[in-house]
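Below is one structure, written out as structure tokens; comments come after it.
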Amino acid sequence: MGLLSLAIWTPIFFGVVLLAIGRDEHAHLVRWVALIGALLGLAVTVPLYTGFEVGSAAMQFVENTPWIERFNIHYHLAVDGISLWLVLLTAFITVIVVIASWESITERVHQYMGAFLILSGLMIGVFAAADAMLFYVFFEATLIPMYLIIGIWGGPNKIYAAFKFFLYTLLGSLLMLVALIYLYNVSGGSFDLATWHQLPLGAGVQTALFFAFFAAFAVKVPMWPVHTWLPDVHVEAPTGGSAVLAAIMLKLGAYGFLRFSLPIAPDASHEWAGLMIGLSLTAVIYVGLVAMVQQDMKKLVAYSSVAHMGFVSLGFFLFNDLAVSGAIVQMIAHGFVSAAMFLGIGVLYDRVHSREIADYGGVINTMPKFAAFALLFTMANAGLPGTAGFVGEWMVILGAVKANFWIGMAAATALIFGASYSLWMFKRVYLGPVGNDHVKALLDINKREFLVMALLAVMVLYMGIHPKPFTDVMNPSVAELLKHVAVSKLP
């Protein structure tokens, strides 16, 4: 079994084991088994990085075995400099979520941990799939464990949120399936993505394919105006669900643009770039303003995720190496920062059982260690230089200025909104005198919570101070992608 198969099936195996043999009376053992599974899942991804040939744009760690031979569907896995970091990020965040959920989940622990481990393997499968039908199977399968996580362990309106999440994402994916079947037929019966990237397609066909893919991936990102499911889901989802949703699942849609929309329909991508840039800037600016007036901490961070992911889609459709590389860096950085923000809110919610900003105030007086971490993550969310939140957004803004000064100006203006809502929330929750008796009774973070915050803090600072390892790996693959997008596929 190859390394990519191990990365996919190790967490899935442990998840299935937990579902099969776990019991609530053995919750302590279940947690340790889940942690072992998550750590092993992370461990098998490390050789992907250490053995990766930096400077090459070729697909590496290739596994290709016939799966459904009648339809020429292959179990075809591979990673390049774009997908490698997303695989590693998924495995890392899974470990973090298992540790963070150690005490907060007390019922059906085996099912909760099992669902997260299975979800982890499926998401890695999305990033590693080089066969379009395999990609689609993994892409759709991720909906099932997340739907259960929201619907079983969520808040009072969990059923509504779970259905909204499932229906929004499923509807767009059905249009993508139609596009995949069309490409299968015109390619002579192949689901190989590399083959599809070379297909000559007419302008009308490219436009139809572009919007079919847009329907699937824009909802997943989510781009404005199809973002309305995200705040509702975040508010109702358990803390771990929110962390994985923001850190990883939103990236599935952004990754889809890189693998399908841009290289398969390059002419349509250029033609409709103005629309994509406009939608992205709307997300960055308008949704940032919406975030400023939120009273629920989770909802505020959910809207901020929409705004930050707006930089990702903006960078993709500027078609220069600086912007595209910056957008991919932003995907990774947002994974660390958004997970930290949601898990921090979870720390407070576990103690006070409220996410309302008005129910706090002066938390720094009773939880100084936690407040120090919260300040770091807030600054990263605001794009402070020296943190992961700055690097990607700055690269996208530079790429935007390179393409068009006014687009760059609009994108840079949005950083002000990001700083405003992030710092405004921190001020109201953490600073000033103790707000009430609930805050007065708060206990600072324990060793387990400190470990979670510290691991995320290390990654946020490391990526902010030394982003070169990330960009060195992805740059050749970005250059190769832009070559595909620059060449017309019109017959």
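- Within the structure, no pair that satisfies the salt bridge (Lys or Arg N to Asp or Glu O under 4.0 Å) test touches residues 386-395, not counting sequence neighbours.
- Between Phe210 and Glu271, the closest side-chain pair of non-hydrogen atoms is not below 4.5 Å.
- Rounded to the nearest 0.5 Å, atoms CG (Leu442) and CG (Asn365) are 10.5 Å apart.
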Show me the donor-acceptor pairs within less than 3.5 Å that the side chains of residues 51-60 make with the rest of the protein, sequence neighbours left out.
| residue | atom | partner | partner atom | Å |
| --- | --- | --- | --- | --- |
| Ser56 | OG | Ala58 | N | 3.1 |
| Gln60 | OE1 | Glu53 | N | 2.8 |
| Gln60 | NE2 | Glu53 | O | 3.2 |

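- Residues that satisfy the side-chain contact (heavy atoms from CB on, under 4.5 Å) test with Trp85, not counting sequence neighbours, are Tyr49, Leu88, Ile332, Phe470, Val473, Met474.
- Remark: side-chain polar atoms of Ser305 are paired, donor with acceptor, to backbone N or O of Val301 under 3.5 angstrom.
- At distances below 3.5 Å, at least one donor-acceptor pair connects side-chain atoms of Tyr360 with backbone N or O atoms of Ser354.
- Although no hydrogens or angles enter the test, the distance criterion places no donor-acceptor pair under 3.5 Å between the side chain of Asn157 and the main chain of Tyr160.
- The distance between the ring centers of Phe135 and Phe260 falls below 6.0 angstrom.
- Shown here for Ser422 and Asn381, the closest heavy-atom pair between the two residues is OG-ND2, 3.1 Å.
- Of all the heavy atoms in Leu481 and Pro263, the pair that sits closest is CD1-CD, 4.1 Å.
- Of the possible polar contacts, none joining the Ser101 side chain to the Val98 backbone as a donor-acceptor pair under 3.5 Å is found.
- Legend: residues meeting side-chain contact (heavy atoms from CB on, under 4.5 Å) with Glu449, ordered by chain and number and at least two apart, are Val347, Arg351, Ile445, Asn446.
- Here the side chains of Trp102 and Leu35 are in contact, with some heavy-atom distance below 4.5 Å.
- A distance of 10.0 Å separates CD1 in Ile124 from CG in Leu119, rounded to the nearest 0.5 Å.
- Relative orientation of the Trp394 and Phe390 rings is parallel, given thresholds of 30° and 60° on the angle between their planes.
- In this structure, Thr207 OG1 and Asp267 CG are separated by 9.0 Å, a value rounded to the nearest 0.5 Å.
- In this pair, Phe426 and Tyr430 present their aromatic rings parallel. The plane angle is below 30°, not in the 30 to 60° band.
- Under the rule for a side-chain contact (heavy atoms from CB on, under 4.5 Å), the partners of Ala400 that lie at least two apart in sequence or sit in another chain are Leu318, Ile407.
- Screening residues 243-265 for salt bridge (Lys or Arg N to Asp or Glu O under 4.0 Å) gives Asp80-Arg259 as the qualifying pairs, with residues at least two apart or on separate chains.
- Less than 6.0 angstrom separates the ring centroid of Phe373 from the ring centroid of Phe450.
- Using a 4.5 Å heavy-atom threshold, the side chains of Val233 and Tyr168 count as separate.
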Donor-acceptor pairs under 3.5 angstrom involving side-chain atoms of residues 139-146: please list them, not counting sequence neighbours.
| residue | atom | partner | partner atom | Å |
| --- | --- | --- | --- | --- |
| Glu140 | OE2 | Ser173 | OG | 2.7 |
| Thr142 | OG1 | Phe139 | O | 2.7 |

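- Between Ser242 and Ala237, the closest heavy-atom pair is OG-CB, 3.7 Å.
- Atoms CD1 and OG, from Ile93 and Ser338 in turn, are 7.0 Å apart once rounded to the nearest 0.5 Å.
- A heavy-atom distance below 4.5 Å is found between the side chains of Ile82 and Ile328.
- Side chain of Thr94 to backbone of Thr90: a donor-acceptor contact under 3.5 angstrom is found.
- Among residues two or more places apart in sequence or in another chain, the side-chain contact (heavy atoms from CB on, under 4.5 Å) test is passed with Leu343 by Ile96, Ala100, Thr239, Ala243, Val452, Met453, Leu456.
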For this session: Could you give me the CA-CA distance, side-chain angles and deciding distance for Arg428 and Gln295, then say whether side-chain contact (heavy atoms from CB on, under 4.5 Å) is met?
Result: CA-CA 10 Å; Arg428 289 180 288 173; Gln295 300 302 313; 3.9 Å; yes
Exercise. Could you go step by step and tell me if Phe61 and Leu77 meet the side-chain contact (heavy atoms from CB on, under 4.5 Å) rule?
Worked result: CA-CA 8 Å; Phe61 305 101; Leu77 304 175; over 6 Å; no
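- The side-chain hydrogen bond (donor to acceptor under 3.5 Å, both in side chains) test with Ser325 singles out one residue from Thr471, Asn475, Asn320, and that residue is Asn475.
- Of the inter-residue distances, the one linking Phe377 atom CZ with Leu384 atom CG reads 13.5 Å to the nearest 0.5 angstrom.
- Taking every heavy atom of both residues into account, Val306 and Pro222 meet most closely at CG1-O, 3.8 Å.
- Counting heavy atoms from C-beta on, the side chains of Met425 and Met341 come closer than 4.5 Å.
- Residue pairs meeting the salt bridge (Lys or Arg N to Asp or Glu O under 4.0 Å) criterion with at least one member in residues 359-387, sequence neighbours excluded, do not occur.
- Counting only residues at least two apart or in different chains, salt bridge (Lys or Arg N to Asp or Glu O under 4.0 Å) contacts with residues 292-318 comprise Asp296-Arg355.
- Formation of a donor-acceptor pair under 3.5 Å by the Tyr255 side chain with backbone atoms of Phe127 is found in this model.
- A donor-acceptor pair under 3.5 Å links the side-chain atoms of Thr169 to the main chain of Phe165, judged by distance alone.
- Residues Ala247 and Leu89 approach most closely at O-CD2, 3.8 Å, considering heavy atoms.
- Side-chain contact between Leu289 and Tyr421 is absent, with no heavy-atom pair separated by less than 4.5 Å.
- A heavy-atom distance below 4.5 Å is not found between the side chains of Ile357 and Trp424.
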Atom pairs and distances, side-chain donor-acceptor, residues 214-221, under 3.5 Å, sequence neighbours left out:
none

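- The main-chain N or O of Ser261 is found under 3.5 Å from a side-chain atom of Ser269 such that the two form a donor-acceptor pair.
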For this session: Dump the intermediate steps for side-chain contact (heavy atoms from CB on, under 4.5 Å) on Met276 and Phe257, then the final yes or no.
Result: CA-CA 11 Å; Met276 300 300 290; Phe257 281 120; 3.9 Å; yes
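- The aromatic rings of His308 and His334 sit tilted relative to each other, their planes meeting at an angle between 30° and 60°.
- By the salt bridge (Lys or Arg N to Asp or Glu O under 4.0 Å) test, Asp444 is found to be paired with no residue, residues two or more places apart in sequence or in another chain being considered.
- With a 4.5 Å cut-off on side-chain heavy atoms, Thr387 and Phe336 do not count as touching.
- We find the CG-CD1 distance between Leu193 and Ile264 to be 6.0 Å, quoted to the nearest 0.5 Å.
- Between the Thr10 side chain and the Ala7 main chain, no donor and acceptor come within less than 3.5 Å of each other.
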For this session: Under the side-chain contact (heavy atoms from CB on, under 4.5 Å) rule, what do Ile150 and Phe166 come out as? Steps first, then yes or no, please.
Result: CA-CA 10 Å; Ile150 300 165; Phe166 194 90; over 6 Å; no
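- Nearest heavy-atom pair across Val87 and Leu48 is CG1-CD1, 3.9 Å.
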